[in-house]
2 protein chains.
Amino acid sequence: MENLAVDEFVDLLRKNKLKVTNPRLQVLQIMSEREAAISQPELEKMVGGDIDRVTLYRVLSTFEEKGIIHKILDLQGTATYAVCSSSCNDREHHDEHVHFSCEICNKVYCLPESIYPNIAAPKGFLVKHVTINAIGICRYCQMEHKGE
Amino acid sequence: MENLAVDEFVDLLRKNKLKVTNPRLQVLQIMSEREAAISQPELEKMVGGDIDRVTLYRVLSTFEEKGIIHKILDLQGTATYAVCSSSCNDREHHDEHVHFSCEICNKVYCLPESIYPNIAAPKGFLVKHVTINAIGICRYCQMEHKGE
DNA sequence: TTAAGTGCAAAATCTTTGCAAATGT
DNA sequence: ACATTTGCAAAGATTTTGCACTTAA
């Protein structure tokens, strides 16, 4: 089962003219196994000492430039990353879905929903896109806090 | 004209059981004269060497705790602050208006608008509140970039 | 082979903490 | 007078940069 995924990752990297390296594969693996967006510090914990901190920063920023992942800020303002939908590329990012931030564990989830309201900005302000962030308690934290 | 404002600031501080000090008055003055939210680094530039960096951080966090200002993250994830509406206090923050982030100057503006859509989260996720961020080009950057 | 990617060291930011001195009430 | 607030110094945390070594193609 892991091999299948690895093949997809290799394709993805090739498609973006990126060399297939271990750090990049590991990051893709970790992100694809995870429901929530991930930050560099979390990523660093997960890979142990396998990959240098600086490399992780660089992998993330390369992926973001190529449109492989997109950046989302969590409630603390820490940058977290999640894999983009397949319609993203280095020209355009289509990550206009709702993000959910859990105020307990601080994790960020991308929600499927896509109802976008029209925002009326004051004259002179040009709105190019809109992001919506729902804040609350995620599924996992609610389970843990049942009965308290 | 400045004295009038200073009186209001003094009232505001007293109301919140805070001592009336120069750093606090200066911060309130700067924020009230500004349309956009302000970060600690910007604040530091504006006061010159008058106020210690650490004092600014502490003034901002005290004000936030008391509900005098609220924190907004800009596009880079830097914390910026704007004065709250008068309905805010240390128990509750009512800053559920739309924020506008300029992708050129990176400034954050609070928009008056308040149409809040219902967000349908997946089962298990409890949405407590929703923030909306419009991203685009602000009035001032559009003026500067006219004709380019 | 060779351009791209990695790892290490060191720098640059940004933010917090501890404590003594200064200040508002 | 006394609790609060400030300023300084120093520590922490996070992110970036420079450069030599390594590796994928």
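In what follows, chains carry the letters A, B, and so on, assigned in the order in which the sequence lines appear, proteins first and then strands, with residues in each chain numbered from 1.
- Of the candidates D52(B), L56(B), I51(B), P23(B) forms a side-chain contact (heavy atoms from CB on, under 4.5 Å) with just one, namely I51(B).
- Of the N and O atoms on the side chains of S101(B) and D74(B), not one donor lies less than 3.5 Å from an acceptor on the other residue.
- Between F63(B) and Y81(B), the ring centre distance reaches or exceeds 6.0 Å.
- For the pair L18(B) CG and dT4(D) C1', the interatomic distance rounds to 10 Å; values are reported in whole Å.
- A 4.0 Å heavy-atom criterion places the boundary nucleotides of DNA chain C facing chain B at dC14(C) to dT25(C), written 5' to 3'.
- Map K19(B) and R14(A) each onto its nearest nucleotide of DNA chain D; the residue landing nearer the 5' end is K19(B).
- With a 6.0 Å radius and a threshold of 12 heavy atoms from other residues, nucleotides or ligands, R34(B) has its CZ atom above the threshold.
- Distance CD (Q76(A)) to C1' (dA13(D)): 14 Å, rounded to an integer number of Å.
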Distances for protein N/O vs nucleotides 14-20 of chain D N/O pairs under 3.5 angstrom?
residue : atom : partner : partner atom : Å
dT15(D) : OP2  : Y57(A)  : OH           : 2.6
dT15(D) : O5'  : Y57(A)  : OH           : 3.3

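- Considering only side-chain N and O atoms, T21(B) lies under 4.0 angstrom from the phosphate OP1 or OP2 of dT6(D).
- Two residues are said to be in side-chain contact when any heavy atoms from C-beta on lie closer than 4.5 Å; Q26(A) and M46(A) fail this criterion.
- Protein atom CG of L56(B) is 15 Å distant from nucleotide atom P of dT5(D), rounded to whole Å.
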Problem set entry | Check against side chain to side chain donor-acceptor pair (under 3.5 Å), S39(A) and E42(A) | CA-CA 5 Å; S39(A) 64; E42(A) 288 173 288; 3.0 Å; yes

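- Using a cut-off of 4.0 Å between Lys/Arg side-chain N and Asp/Glu carboxylate O, E35(A) and R139(A) are scored as salt-bridged.
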